[in-house]
*Asks:* 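Sending over a structure as structure tokens; questions will come in a sec.
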2 protein chains.
Amino acid sequence: MVMPAPALAGPGGAAPGSVGDVRRSNLALVLGAIAEFPPGTHPSRAQVAGATGLTKASVSSLVLDLLDAGIIREIGLNPQGRGRPGVGLELSPSRAVMGMEINVDYISAAVVDLAGTVLLRELQERDNRNSQDMPVLAALAVLAARVRSTAGEQGVEILGGGLAVPGLVDPAGARVLTAPNLGWVNVYLDLDALLPEAALGVELFNEANAAALAELRHRPDGASNFLFVSGEVGVGGGIVIGSELFTGPGGHAGEVGHIVVDPDGGHCSCGGTGCLETVAGQDAIFSAAGLAPEGGSRSATMSALLRALESGVPKAVSAVERAGYCLGMALASTARVVDIDSVVLGGHFAVLEPWLRAPLLNSLHKYAPGKYASEHVTVSAVGEFGALLGAAGSVIRSLVEAPHRLHA
Amino acid sequence: MVMPAPALAGPGGAAPGSVGDVRRSNLALVLGAIAEFPPGTHPSRAQVAGATGLTKASVSSLVLDLLDAGIIREIGLNPQGRGRPGVGLELSPSRAVMGMEINVDYISAAVVDLAGTVLLRELQERDNRNSQDMPVLAALAVLAARVRSTAGEQGVEILGGGLAVPGLVDPAGARVLTAPNLGWVNVYLDLDALLPEAALGVELFNEANAAALAELRHRPDGASNFLFVSGEVGVGGGIVIGSELFTGPGGHAGEVGHIVVDPDGGHCSCGGTGCLETVAGQDAIFSAAGLAPEGGSRSATMSALLRALESGVPKAVSAVERAGYCLGMALASTARVVDIDSVVLGGHFAVLEPWLRAPLLNSLHKYAPGKYASEHVTVSAVGEFGALLGAAGSVIRSLVEAPHRLHA
DNA sequence: CTCATATAGTTCAGGCAATGAACTAAAGCT
DNA sequence: AGCTTTAGTTCATTGCCTGAACTATATGAG
């Protein structure tokens with residue numbers, strides 16, 4: 001397949017292109033090629049040249065810049081059979097990024113190296129329901145500082161961070177627009193306080209979006225177009241198209257939890273009616289299954305639901321079946337709107353998949369025949385740490401795509 | 001606002017950037033600046049330099065290339081008050097593109113100059129229902145040749161063309177995958193036969209997508225994010241985000257006609273169940289209104305429907321109200337998936353808007369409160385020639401974005 | 001009428017980045 | 001030991017943008 005001709009500036013972007021942009025672009029190209037080599041194998045400059053289409057001379061020069069910036073390092077030799085062996089190149093293991101998460105029941109921070117490996121992870125239980133933002137952020141800052149200093153003792157430098165939050169966010173403005181389960185509305189987060197003096201600062205992400213990005217990286221099938229649906233208290237989603245997160249014009253695309261699946265249904269927290277969330281959200285499933293969400297923690301209730309399903313309690317089974325069926329309707333509509341035909345189930349959808357799967361497939365077959373093959377309905381590969389990994393991964397990726405931001 | 005840093009090659013695209021790409025990119029930047037100047041005003045090189053951020057020297061050189069390629073021309077002088085007057089630049093009026101359309105009841109061809117003005121238009125009635133593709137294409141080729149020669153007599157050269165078809169298309173493969181109302185399934189179209197030896201060849205478009213692009217250009221409010229829904233025999237749609245058509249990974253995004261609005265509804269031609277099209281497509285509305293679509297032409301039936309609405313025939317009114325209400329549900333879901341909050345109604349939705357509007361707004365308010373303001377629900381500005389204009393406009397735009405394709 | 005001023009557009013030296021060819025380096029094979 | 005093969009570097013060349021100097025052409029003041 002022929003690659004599209006590169007375009008320097010978009011049609012709207014009135015940025016003039018100069019020769020320096022070429023270097024920035026090629027720097028990213030080279031770094032990307034090194035990053036995308038199968039883990040364990042360390043490409044030589046010559047291999048990078050082959051992969052990128054650049055000449056050996058250019059690659060040598062670009063690699064030098066990346067070495068100077070400390071983003072990559074040389075490691076060992078790489079015999080190719082005959083001839084002079086190449087010098088292996090890899091992403092520097094002493095540079096890393098911090099993934100952070102604020103969720104309803106906990107806060108968490110992890111150090112992820114540039115290759116995507118989790119070096120350290122700490123989780124701190126904390127009831128953030130209807131919490132104030134300041135204390136939560138302060139607690140997270142303490143946690144982050146501790147993890148950071150542990151990493152520092154191992155010679156790992158933190159370049160930047162990503163924070164995932166369960167709610168609608170405005171990344172540019174560092175604002176959480178609304179996070180119903182935290183009780184936050186339009187709060188500004190002082191992100192830089194989380195990682196003082198980190199070279200790249202801290203970026204903000206929606207939880208489901210971040211998790212979708214983590215899936216992208218860790219999918220065994222290597223799919224680059226899919227919808228990630230995350231069942232939590234609410235139902236979130238992230239759309240990945242062409243290995244990119246599709247955020248829509250306002251940055252809030254993929255909110256599949258609020259697709260209408262029951263025109264005559266009940267009210268939703270979003271103000272709408274008959275949203276998927278009112279059928280397939282945790283509270284909805286619990287109450288339809290006859291389990292009280294109030295008595296005890298949410299995870300305890302989930303365990304109770306699983307026990308009920310295993311022993312075949314009719315009310316529980318039909319609650320989950322209804323959720324699966326309605327999820328299918330929402331996915332059918334989504335397929336039509338964004339032309340996607342593969343789904344990854346996360347959150348409680350992953351846990352409930354054995355019971356959800358059949359009604360989900362039925363429903364997909366009924367409402368969008370031919371769109372989703374059964375093997376394209378899969379379960380999350382990253383599990384509950386998806387948001388954390390995705391937030392970190394996204395920051396790493398933006399670094400790989402614009403390495404010139406690191407002094408070079 | 002700070003413009004995003006230009007990126008030469010995408011993350012996936014393994015195309016190396018060389019210095020020549022800078023020129024290509026800047027060529028497009030300059031041409032785009034000239035094209036986007038308010039019609040009637042002809043910018044000077046100095047003004048272009050100001051608008052693009054390039055130096056006067058670079059602009060002079062780039063403009064020279066564009067003049068040589070015949071894409072622009074110098075026109076008159078442009079006094080700026082004091083000082084030497086600038087030389088006006090404009091898109092060449094003697095270069096044009098042909099927009100073509102194959103629809104159920106007609107074929108059509110128009111010549112559109114680079115500024116987007118329609119110079120010539122011919123429409124030929126023709127019943128293409130369940131037609132063979134070859135004769136239709138042959139008839140269109142004859143029509144196109146005639147229009148082209150008329151244009152040639154006026155000194156206008158046709159650089160390329162765009163063909164809009166009511167069905168799913170594969171533009172790269174020049175294939176119509178399925179066009180239910182033409183009865184076409186996976187037919188290859190010999191597009192180049194339509195405009196032999198045109199410099200840029202002929203591109204293929206989905207009708208609703210092309211119409212969406214035409215809206216983009218002709219919208220009085222200048223909106224750059226909206227959903228265009230076109231009511232025809234089927235219900236088509238085109239999503240415009242950031243002034244770009246959003247096509248999705250497979251190129252078939254925006255098929256809002258097959259969003260599920262009635263889970264217990266009837267079968268749809270797509271194989272699904274309860275699709276919007278089964279409620280708001282022309283045949284569905286006609287039959288719910290008690291009008292026979294068989295007796296007489298479709299436009300006659302539409303006239304009958306309008307008369308019935310004007311005299312308040314209850315069945316007709318409620319059929320259209322139901323269509324509007326269900327359209328609202330589909331738009332509500334679409335808003336959630338792609339984060340769009342503005343709609344343009346085309347096709348019969350535009351004609352029926354006086355009766356559709358109230359139920360549509362009610363439904364939007366109920367299912368997606370706060371998403372669509374009333375003033376963001378508007379009627380098509382281009383009318384029935386949208387597909388034609390959009391197909392041509394898209395070809396023009398791709399030329400403006402890659403002018404180096406013309407010998408230069 | 002002439003000269004100062006302001007703006008448009010061109011010319012030219014300088015710098016930067018990629019290229020391709022020539023060259024050096026370091027292995028395996030015979 | 002010598003040939004071959006592959007990795008990586010050096011260097012002259014080319015292309016493009018930039019900024020400064022320069023030419024061209026208008027208005028307006030004296």
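Per chain, numbering begins at 1; letters A, B, ... match sequence-line order.
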*Asks:* Name all residues meeting the side-chain contact (heavy atoms from CB on, under 4.5 Å) criterion together with Thr247(A); count only those two or more places apart in sequence or in a different chain, and write none if there are none.
*Replies:*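 In terms of side-chain contact (heavy atoms from CB on, under 4.5 Å), with neighbours along the sequence ignored, Thr247(A) is linked to Leu245(A).
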
*Asks:* Using atom CG of Leu29(B) as one end and atom P of dC16(D) as the other, report the distance to the nearest whole Å.
*Replies:*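 About 16 Å, once rounded to whole Å.
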
*Asks:* Ser60(A): which residues meet the side chain to side chain donor-acceptor pair (under 3.5 Å) condition with it, sequence neighbours left out?
*Replies:*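 Side chain to side chain donor-acceptor pair (under 3.5 Å) list for Ser60(A), sorted by chain: empty.
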
*Asks:* Rounding to an integer number of Å, can you tell me how far Leu54(A) CG sits from dG8(D) C1'?
*Replies:*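 Computing the Leu54(A):CG to dG8(D):C1' distance gives 15 Å.
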
*Asks:* Using a strict cut-off of less than 4.0 Å between a Lys/Arg side-chain nitrogen and an Asp/Glu carboxylate oxygen, indicate whether Glu157(B) and Arg148(B) qualify as a salt bridge.
*Replies:*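 Judged by the 4.0 Å cut-off on N to carboxylate O distance, Glu157(B) and Arg148(B) do not form a salt bridge.
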
*Asks:* Taking only residues two or more places apart in sequence or in another chain, which ones pass side chain to side chain donor-acceptor pair (under 3.5 Å) with Thr117(A)?
*Replies:*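 Thr117(A) satisfies side chain to side chain donor-acceptor pair (under 3.5 Å) with no residue once adjacent residues are dropped.
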
*Asks:* Applying salt bridge (charged side-chain N to carboxylate O under 4.0 Å, His left out), can you list everything that pairs with Asp170(B), at least two apart in sequence or on another chain?
*Replies:*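 So Asp170(B) forms no salt bridge (charged side-chain N to carboxylate O under 4.0 Å, His left out) with any residue.
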
*Asks:* Check the distance between dC16(D)'s C1' and Asn26(A)'s CG and give it to me in whole angstrom.
*Replies:*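 Taking atom C1' of dC16(D) as the reference, CG of Asn26(A) is at 15 Å.
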
*Asks:* Take atom CZ of Arg24(B) and atom C1' of dC17(D), then tell me their distance rounded to the nearest Å.
*Replies:*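 Distance check: Arg24(B) CZ to dC17(D) C1' gives 16 Å.
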
*Asks:* Which residues pass the side-chain contact (heavy atoms from CB on, under 4.5 Å) test with Leu67(B), not counting sequence neighbours?
*Replies:*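 Once residues adjacent in sequence are excluded, the partners of Leu67(B) under the side-chain contact (heavy atoms from CB on, under 4.5 Å) criterion are Arg45(B), Val63(B), Ile72(B), Glu74(B).
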
*Asks:* Excluding sequence neighbours, so at least two apart, what forms side chain to side chain donor-acceptor pair (under 3.5 Å) with Ser394(A)?
*Replies:*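 Listed in chain order: nothing, the list is empty.
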
*Asks:* Between the protein and nucleotides 6-9 of chain C, which nitrogen or oxygen pairs come in under 3.5 angstrom?
*Replies:*
residue: dT7(C); atom: O2; partner: Arg84(B); partner atom: N; Å: 3.0
residue: dA8(C); atom: O4'; partner: Arg84(B); partner atom: O; Å: 3.2
residue: dA8(C); atom: N3; partner: Arg84(B); partner atom: NH1; Å: 3.0
residue: dG9(C); atom: OP1; partner: Val87(B); partner atom: N; Å: 2.5
residue: dG9(C); atom: OP2; partner: Arg45(B); partner atom: N; Å: 2.9
residue: dG9(C); atom: OP2; partner: Ala46(B); partner atom: N; Å: 2.9
residue: dG9(C); atom: N7; partner: Lys56(B); partner atom: NZ; Å: 2.7
residue: dG9(C); atom: O6; partner: Lys56(B); partner atom: NZ; Å: 3.1

*Asks:* Are OP1 or OP2 of dT19(C) and a side-chain N or O of Thr55(A) less than 4.0 angstrom apart?
*Replies:*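 Result: yes.
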
*Asks:* Quick one: which protein N/O atoms are closer than 3.5 Å to N/O atoms of nucleotides 12-15 of chain D? Pair and distance per line, please.
*Replies:*
none

*Asks:* Nearest whole angstrom, please: distance from the P of dT6(D) to the CG of Leu77(A).
*Replies:*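 Spelled out: CG on Leu77(A) to P on dT6(D) is 17 Å.
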
*Asks:* Which side-chain N or O atoms in residues 197-204 of chain A pair as donor and acceptor under 3.5 Å with protein atoms at least two apart or in another chain?
*Replies:*
none

